[in-house]
Student: 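First the structure, which I've put down as structure tokens, then a few questions once you've had a look.
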Amino acid sequence: MNLRKQLNLTQRQVAQAIGVTDQTVSNWEQGIYKPRLTPAQTLALCQILNCSLEELVAVTSDLDSTATS
């Protein structure tokens, strides 16, 4: 979510870039569901968020650790 907001992207823009609904992106950001992405969707997410796969993994790992704390 922070990457998306830093880039001034809407949930809808991210959703359209990876082929899911904006509600799905909202659910991910709220921690309701974890993303299950294909490799192509993961690549598209990295591209729209302007980050590497390593950065994306680090961000999602941080979210997982704070959610379970």
Side-chain angles (χ1 to χ4, degrees):
M1 175 170 59
N2 287 335
L3 288 174
R4 177 182 65 76
K5 287 185 175 182
Q6 287 172 8
L7 295 169
N8 294 316
L9 294 170
T10 65
Q11 290 177 341
R12 178 160 291 173
Q13 288 171 309
V14 172
Q16 288 175 339
I18 61 175
V20 298
T21 66
D22 49 330
Q23 184 62 51
T24 297
V25 174
S26 175
N27 289 339
W28 294 340
E29 291 182 356
Q30 294 177 57
I32 296 171
Y33 297 110
K34 289 187 179 184
R36 291 186 178 180
L37 301 174
T38 66
Q41 288 173 312
T42 303
L43 178 61
L45 184 59
C46 287
Q47 289 173 337
I48 194 166
L49 295 177
N50 195 30
C51 68
S52 68
L53 180 57
E54 291 81 9
E55 291 169 316
L56 185 63
V57 169
V59 168
T60 57
S61 295
D62 288 346
L63 291 175
D64 285 345
S65 66
T66 57
T68 58
S69 297

Student: Evaluate the side-chain proximity of V14 to W28: yes if any heavy-atom separation is below 4.5 Å, no if none is.
Tutor: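 No, their side chains stay 4.5 Å or more apart.
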
Student: How long is the gap from CG on N2 to CD on E29, to the nearest 0.5 Å?
Tutor: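 Rounded to the nearest 0.5 Å, the CG-CD separation comes out at 9.0 Å.
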
Student: For a quick test of reading the model, state the closest non-hydrogen atom pair linking A44 to A17 and the distance between them.
Tutor: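 Closest pair (atom of A44, atom of A17, distance): CB-O, 3.5 Å.
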
Student: Working to the nearest 0.5 Å, report the span between CD of Q16 and CD of Q11.
Tutor: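 Answer rounded to 0.5 Å: 12.0 Å.
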
Student: What pair of heavy atoms forms the shortest contact from Q30 to S26, and how long is it?
Tutor: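 Minimum heavy-atom separation between Q30 and S26: NE2-OG, 2.7 Å.
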
Student: Within the structure provided, determine whether L3 and N50 are in side-chain contact (heavy-atom separation under 4.5 Å).
Tutor: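 No, side chains not in contact.
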
Student: In Å and rounded to the nearest 0.5 Å, what is the CG to SG distance from L53 to C46?
Tutor: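 One finds 5.0 Å between CG of L53 and SG of C46.
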
Student: Rounded to the nearest 0.5 Å, what separates atom OG1 in T10 from atom CG in D22?
Tutor: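 Here the rounded value is 8.0 Å.
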
Student: For the atom pair CD (Q47) and OG (S52), what is the distance rounded to the nearest 0.5 Å?
Tutor: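 Result: 12.5 Å between the selected atoms.
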
Student: Could you check whether any side-chain N or O of T24 sits under 3.5 Å from a backbone N or O of V20, counting only pairs where one atom can act as donor and the other as acceptor?
Tutor: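 No, the answer is negative, given that no donor and acceptor are paired below the 3.5 Å cut-off.
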
Student: Please step through side chain to side chain donor-acceptor pair (under 3.5 Å) for the pair N27 and Q23, ending with a clear verdict.
Tutor: CA-CA 6 Å; N27 289 339; Q23 184 62 51; 3.0 Å; yes

Student: Do V25 and R12 pass the side-chain contact (heavy atoms from CB on, under 4.5 Å) test, and can you show the C-alpha distance, the side-chain angles, and the key distance before you say yes or no?
Tutor: CA-CA 8 Å; V25 174; R12 178 160 291 173; over 6 Å; no

Student: For the hydrophobic clusters of this structure (ILVMFWY residues joined by side-chain heavy atoms under 4.5 Å, transitively), does one cluster hold both L43 and L49?
Tutor: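 Per the 4.5 Å side-chain linkage, L43 and L49 are not co-clustered.
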
Student: Would you compute the distance between atom CG of L37 and atom CD1 of I18 and round it to the nearest 0.5 angstrom?
Tutor: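 CD1 of I18 is found 5.5 Å from CG of L37.
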
